[in-house]
Amino acid sequence: MAVTRFAPSPTGYLHIGGLRTALFSWLWARKTGGKFLLRIEDTDLARNSEEALEAIIQAFDWVGMSYDGEVLYQSRRFDIYKKYIQQLLDEGKAYKCYMSKEELDALRESQMAAGERPRYNGKYRNFAGTPPEGISPVIRIKAPQEGRISFVDGVKGEFSVSADEVDDFIIARSDGTPTYNFVVAIDDALMGLSDVIRGDDHLYNTPKQIVVYNALGFSLPKFYHVAMINNEQGKKLSKRDGATDVMEYKKLGFLPEALLNFLVRLGWSHGDQEIFSLEEMVALFEPKNLSRSSSNYNLDKLLWLNAHYIKNKPNADLAELLHPLGVDIRGHDKIELLLDATKERGKTLVELANQIKLILHRPEEYDEKAVKKAFKGEAKEILAEFAHMLQSWEKTLHLPCDYHEVLEKIVETKEIGFGKIGQPLRISLLGSMTGSGLDEIMAILGVEETVARIHCAIAAIE
RNA sequence: GGCCCCAUCGUCUAGCGGUUAGGAUCCCAGGUUUUCAUCCUGGUUACCGGAGUUCGAGUCUCCGUGGGGUCACCA
């Protein structure tokens, strides 16, 4: 039974990298029948934004990941942190440091100038004199001064840093508010986390947090530091690389299951399997299969997955998803035909919507090149003849195969190839040379609209 | 710069001392389709470099190179 968490700071939208670590955590909790908790890291009161939090929850909602229990806000737990700060102070494991920001900056600068690593010099670690006037102190925790701080990472394996890489870092600011590494350790412990899965940009926070765990006598969870996602060029992923906001993918016409499937395969694998339903992910996920190396974002693969999920989605569901994109075919009497004719042709819902619009709306213009190629010779006469045949057909035209009969008939009686009628007809109906099958399109449009479009084309094309 | 992490087709990855180095995507070719797409078949392309260890190394060790992370009174 794993207890995991996702702990974003509400300073912006949910990033796909964040979604991926959240997904790993979520999968692990669900697989083991444990809990997946959500905690908001808002200790820096100045940087919070309500919208950011809503955006995160909205994104979780969209992809269908659910968290357990209440959302925990660190900003509402300051008295808990204060209690622990006092405890450490009382036990002599933390101390007040009266070094001003200016003094600290100067110290850093001189260290840098001397080619040293900037770090706190421990000036107030064992301070017993009278504190300087007019300075509200920060509180620093006593970190070990020798040896190594080590732990076993679930992804990286044995990991350790020298104690002098970790100085007596600040656990409470001069205004009394607690800092990140302190509260993370406390909350992770108090929330009963068994596994902390996060990006490996946190690798260096872990030793600091271990200092807090040890000072407070908490036992350590298991840590997993997942390698980052880079852009297609292998560089750090930034907004310039296209969509990094999870909700942007919704706008672009991606299905959440495609995005999740894409992300789960970035840094995780299960043999040769590429397609994973949410249920399969839950069943098959193992943190031990997490990759040690970073991976690159790859739009082609995402598009391929998205196309796959669109093709396999029930038409009624697609109709619902298409509605917000400006195509309302819910309740359309030809909905099955319409979607069957188009859904293999769109890599995104947006493309699918455009395909449908193309069929549903009369073309306003005709592709010039296509016209030039197809409207040669007696194309117009053939079209007119075809329109006439449609109107005077003895049987009721209903299914695609009915229309196909008419097409076959004209090919036979006029002794022409399929292309002679097919190409101009396609242009008349859609305005271009590509698109869904003609039989299907005509069956969707019906005789009246099909004939109308043919006449429009004959009139409009030179 | 210090410390640390990482390194298999362009990309995502399988491999866990002995394989013709596998799959997927992309790309190309052929087939299917009146078109496009789908689908099917086939093809091109990879162990970063160098030393070791070993009968044998993509797999282990070291060095180099490249990429990344991190060094806040941010999270």
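Basis for what follows: all heavy atoms, side chains included, without hydrogens, waters or symmetry-related copies. The sequence lines fix the lettering, A, B, ..., with proteins before strands; numbering per chain opens at 1.
Applying the ring-ring contact (aromatic ring centres under 6.0 Å, His included) test to every pair with at least one member in residues 142-170 of chain A, sequence neighbours left out, gives these pairs: A/F151-A/F159, A/F151-A/F223.
Within residues 422-439 of chain A, the residues that place at least one heavy atom under 4.0 Å from RNA chain B are, in residue-number order, A/G422, A/R426, A/M433, A/T434, A/G435, A/S436, A/G437, A/L438. Within residues 304-315 of chain A, the residues that place at least one heavy atom under 4.0 Å from RNA chain B are, in residue-number order, A/W304, A/K311.
At most 12 heavy atoms of other shown residues, nucleotides or ligands fall within 6.0 angstrom of atom CD in A/E109.
The pair A/K420-A/E378 does not meet the salt-bridge criterion, since no charged nitrogen lies less than 4.0 angstrom from a carboxylate oxygen. A salt bridge is defined here as a Lys NZ or Arg NE, NH1 or NH2 lying under 4.0 Å from an Asp or Glu carboxylate O, and A/R39 with A/E41 meets this definition. Salt bridge A/R265/A/E274: present, at least one basic N to carboxylate O contact under 4.0 Å. A salt bridge links A/E449 to A/R362: one of the charged nitrogens lies within less than 4.0 Å of a carboxylate oxygen.
The closest side-chain heavy-atom distance from A/S150 to A/I210 is not below 4.5 Å. Using a 4.5 Å cut-off on side-chain heavy atoms (C-beta onward), A/I56 and A/Y13 make no contact.
Taking only side-chain atoms of A/K301, from C-beta outward, the nucleotide of B/C73, B/C5, B/G23 with the closest atom is B/G23. In this structure, of B/C5, B/G67, B/A75, it is B/A75 that holds the atom nearest to the side chain of A/S9. Among the nucleotides B/U11, B/C4, B/A24, the one closest to any side-chain atom of A/N296 is B/U11. Nearest nucleotide to the A/H202 side chain, out of B/C26, B/G69, B/A75: B/A75. In the set B/C6, B/C73, B/A72, B/C6 carries the atom at the smallest distance from any side-chain atom of A/S293. Of all nucleotides listed (B/C73, B/U11, B/A37), B/A37 comes nearest to the side chain of A/R345. Listed nucleotides: B/U25, B/U13, B/A75. Nearest to the side chain of A/E41: B/A75. Considering only the side chain of A/K347, B/U38 comes nearest among B/U38, B/A24, B/A72. Comparing B/A75, B/U11, B/U38 by their nearest atom to the side chain of A/N298 picks out B/U11. Among B/G69, B/C73, B/U38, the nucleotide with an atom closest to any side-chain atom of A/D201 is B/G69.
Checked by atom type, the side-chain pair A/D195/A/Y224 shows a donor-acceptor distance below 3.5 Å.
Base pairing analysis places B/A24 opposite B/U11; the two distances defining the Watson-Crick or G-U wobble pair are each below 3.5 Å. In a base pair of the Watson-Crick type (N1 to N3 plus N6-O4 or O6-N4) or a G-U wobble (N1-O2 and O6-N3), with each distance short of 3.5 Å, B/G1 is matched with B/C71. Across all strands shown, B/C62 pairs with B/G50; the Watson-Crick or G-U wobble distances both stay below 3.5 Å. In a base pair of the Watson-Crick type (N1 to N3 plus N6-O4 or O6-N4) or a G-U wobble (N1-O2 and O6-N3), with each distance short of 3.5 Å, B/C36 is matched with no nucleotide.
Checking the phosphate oxygens (OP1, OP2) of B/C73, a side-chain nitrogen or oxygen of A/R108 falls inside 4.0 Å. Residue A/T179 places no side-chain N or O under 4.0 Å from the OP1 or OP2 atom of B/A72. An OP1 or OP2 oxygen of B/G69 is reached within less than 4.0 angstrom by a side-chain nitrogen or oxygen of A/K236. At least one side-chain nitrogen or oxygen of A/S295 sits closer than 4.0 Å to the OP1 or OP2 atom of B/U13. Between A/R292 and B/C6 there is a side-chain N or O to OP1 or OP2 distance below 4.0 Å.
Here the two rings, on A/Y403 and A/W393, have centers that are 6.0 Å apart or farther.
Partner A/H225 forms a side-chain hydrogen bond (donor to acceptor under 3.5 Å, both in side chains) with one of A/R292, A/K156, A/R198 and no other, that one being A/R198. A/W268 pairs in a ring-ring contact (aromatic ring centres under 6.0 Å, His included) with only one of the listed residues (A/W28, A/F24, A/F285), which is A/F285.
Across the protein-nucleic acid pair, A/H404 atom NE2 and B/U34 atom P stand 7 Å apart, rounded to whole Å. Per the geometry, NE2 belonging to A/H15 stands 20 Å off P belonging to B/A75, to the nearest Å. Between A/Y204 atom OH and B/A72 atom P the separation is 13 Å, expressed in whole Å. Spacing between atom CG of A/L203 and atom P of B/G2 amounts to 19 Å, rounded to whole angstrom units. For the pair A/E165 CD and B/G1 P, the interatomic distance rounds to 16 Å; values are reported in whole Å. In this structure, the CD1 atom of A/I410 is 17 Å from the P atom of B/U34, given to the nearest Å.
The residue among A/P178 and A/F159 whose nearest nucleotide of RNA chain B is located toward the 5' end is A/F159. Along RNA chain B, the nucleotide nearest to A/K288 and the one nearest to A/G346 differ in position, and the one closer to the 5' end is contacted by A/K288.
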Item to complete: Just do the side chain to side chain contact (heavy atoms under 4.5 Å, CB included) check on A/L255 and A/K313 with the steps written out, would you?
Response: CA-CA 10 Å; A/L255 260 21; A/K313 196 128 189 115; 4.0 Å; yes
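Heavy atoms of A/D175 sit nowhere under 4.0 angstrom from any nucleic acid atom. Across all strands, A/V161 comes closer than 4.0 Å to no nucleic acid atom at all (heavy-atom distances). Nucleic acid contact class of A/K343 (heavy atoms, under 4.0 Å, all strands): none. A/S174 comes within contact range of at least one nucleobase, with a heavy-atom separation under 4.0 Å. Residue contacts shown for A/K101 include a base, since a base heavy atom lies under 4.0 Å away.
Atom name C1', nucleotides B/G17 and B/C55: the rounded distance is 11 Å, in whole Å. When the C1' atom is compared between B/G49 and B/G67, the two are found 15 Å apart, to the nearest whole Å.
One N or O donor and one acceptor, one from the side chain of A/E274 and one from the base of B/G23, sit under 3.5 Å apart.
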Pairs of donor and acceptor atoms involving the side chains of residues 79-86 of chain A, under 3.5 Å and at least two apart or interchain, shall be tabulated with distances.
unit_1	atom_1	unit_2	atom_2	d
A/Y81	OH	A/R77	NE	3.4
A/Y81	OH	A/D187	OD1	3.3
A/Y81	OH	A/D187	OD2	2.5

Pair up each side-chain donor or acceptor in residues 429-436 of chain A with any protein partner under 3.5 Å, not counting sequence neighbours, and list the distances.
unit_1	atom_1	unit_2	atom_2	d
A/S432	OG	A/T434	N	3.4
A/S432	OG	A/T434	O	3.3
A/S436	OG	A/A341	O	2.9

Atom pairs, N/O to N/O, protein against nucleotides 18-22 of chain B, distance under 3.5 Å?
unit_1	atom_1	unit_2	atom_2	d
B/G22	N2	A/D272	OD1	2.8

